[in-house]
Number of protein chains: 2
Amino acid sequence: MRLTTKGRYAVTAMLDLAIHSHCDPISLAEISKRQEISLSYLEQLFSKLRQAELVVSVRGPGGGYKLSRSLDDIFVAQIVDAVNESIDATSCQGKGNCQHGEVCLTHHLWSDLSDQIHHFLSGISLEKLVDRGDVKSISQRQNNVALEDVDHEDLNQSDLRVIQTSHTA
Amino acid sequence: MRLTTKGRYAVTAMLDLAIHSHCDPISLAEISKRQEISLSYLEQLFSKLRQAELVVSVRGPGGGYKLSRSLDDIFVAQIVDAVNESIDATSCQGKGNCQHGEVCLTHHLWSDLSDQIHHFLSGISLEKLVDRGDVKSISQRQNNVALEDVDHEDLNQSDLRVIQTSHTA
DNA sequence: CCAATAACCAAGTAATTTAGTCAACTATAT
DNA sequence: ATATAGTTGACTAAATTACTTGGTTATTGG
Ligand code: FES
Ligand code: FES
């Protein structure tokens, strides 16, 4: 059973994408800045998310990633599954053979737990998350912080406009 | 979030204890043989289980461990908690401060998930596990295997009697 | 008493996994 | 052309897990 920073980062990044993608693709650099996740690490994660067909990529300037389908059709379980091997609590990957090919004493317990977790995370779509009040306010805060950070850098008007737009939209 | 071999071993060992302890204490050597867990590793785990007051120890020959209370008053969640730090899916240990002291975008999701898991594992007592049909049959198989293993070693009659007793009881 | 037993304890190590870096390459918009 | 931004693979550092080693204490049966 592994649910670590990797899975959390993936869900966080996908939620960031869900919040900010209205039509234009979002670059990993933006997500990296807002969610404070290493850009190179995000690249690895999105490679897997793309393979799982949860996102589509647009290359070249102005490119980035977009969600492959609507918010109510992407679930947290799918995201975690895409980057982690699985959210499986057994040590046998559900095969029931971890004691010399035979099922061990606690297999069914872990199997049941896995089902529980999977069922829970399968019930939560990105849409549900985006609609939450706390997510909205936290996102606002992050936009403001990102804006302040950008102020301290050299940037041209078009950069600022992009950020302002996604901020106030 | 960590639920690895450590927690699984702990629950397995406690369940073994629950199945075999009728009155006499059970030595870690026995559990080690039946569940195929390193003896020294078991010692470390039981050190924590004892600190959590889930088991009591009896030193000296014929000694071992016994459950500290009845089967229906020990829950899987307590066992996992005792050896793992916690079954917490957040990266902030529930404090809500993983982004510069502020709550991050997905905190509530992981917090809810942690509650779910904890609630599920809190509802499963050793008694429930012992009563399961599959646990009974798997335990029988393990006893037979342990018996065969012992046959191949040098042993005296009293050793054999102990194992037979716990096997057929 | 004494030797065997089995819990207790501390330190260290090997293997694995995670989190992150680096460097090169490809497609595309301006 | 050139800058942007995704794509890929290999590589590294840190953390954690799983396990070993080598003791010490307490207790019991002979
Ligand atoms: S966890 Fe599946 S057989 Fe042991
Ligand atoms: S996980 Fe709790 S604040 Fe981020």
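The structure displayed is predicted, hence computed values, not measured ones. Naming: A, B, ... by sequence-line order, numbering from 1 per chain.
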Roughly how many Å is it from [atom1] in [X] to [atom2] in [N], rounded to a whole number?
{"X": "B/I26", "N": "C/dA6", "atom1": "CD1", "atom2": "C1'", "result": "13 Å"}
{"X": "A/L42", "N": "C/dT18", "atom1": "CG", "atom2": "C1'", "result": "15 Å"}
{"X": "B/E36", "N": "D/dC19", "atom1": "CD", "atom2": "P", "result": "12 Å"}
{"X": "A/L28", "N": "C/dG20", "atom1": "CG", "atom2": "P", "result": "15 Å"}
{"X": "A/I37", "N": "C/dT18", "atom1": "CD1", "atom2": "C1'", "result": "14 Å"}
{"X": "B/L45", "N": "C/dC9", "atom1": "CG", "atom2": "C1'", "result": "14 Å"}
{"X": "A/D24", "N": "D/dT4", "atom1": "CG", "atom2": "P", "result": "17 Å"}
{"X": "A/I31", "N": "D/dG6", "atom1": "CD1", "atom2": "C1'", "result": "12 Å"}

For residues 96-104 of chain B, which side-chain N or O atoms pair as donor and acceptor with protein atoms under 3.5 Å away, sequence neighbours left out?
residue, atom, partner, partner atom, Å
B/Q99, OE1, A/R141, NH2, 3.3
B/Q99, OE1, A/Q142, NE2, 2.8
B/Q99, NE2, A/R34, O, 3.2
B/H100, NE2, A/E36, OE1, 3.1
B/H100, NE2, A/E36, OE2, 3.0

Distance test, side-chain N/O of [X] to OP1/OP2 of [N], below 4.0 Å:
{"X": "B/Y65", "N": "C/dA6", "value": "no"}
{"X": "A/T5", "N": "C/dA19", "value": "yes"}
{"X": "A/S27", "N": "D/dT4", "value": "no"}
{"X": "B/S57", "N": "C/dC8", "value": "yes"}
{"X": "B/R50", "N": "C/dC9", "value": "yes"}

> When every nucleotide of nucleotides 20-30 of chain D is labelled 5' to 3' by its protein contacts under 4.0 Å (heavy atoms), B for base, S for sugar-phosphate only, - for none, what sequence of letters results?
Replying inline: BB---BBBB--
> Which is true for A/Y9 with a 4.0 Å heavy-atom rule: it touches a base, it touches only sugar-phosphate, or it touches nothing?
Replying inline: sugar-phosphate
> What orientation do A/F46 and A/Y65 show, parallel under 30°, tilted 30 to 60°, or perpendicular over 60°?
Replying inline: tilted
> Got a salt bridge between A/K128 and B/D112, using NZ or NE/NH1/NH2 to carboxylate O under 4.0 Å?
Replying inline: no
> Only one of B/L109, B/T106, B/L105 forms a side chain to side chain contact (heavy atoms under 4.5 Å, CB included) with A/V135, so which one is it?
Replying inline: B/L105
> Just by distance, with hydrogens left out, do B/D88 and B/S114 show a side-chain donor and acceptor under 3.5 Å apart?
Replying inline: yes
> Which heavy atom of B/S57 sits nearest a heavy atom of B/R50, and at what distance?
Replying inline: OG-CD, 3.7 Å
> If you take all heavy atoms of B/L17 and B/K66, which pair is closest and at what distance?
Replying inline: CD2-C, 4.3 Å
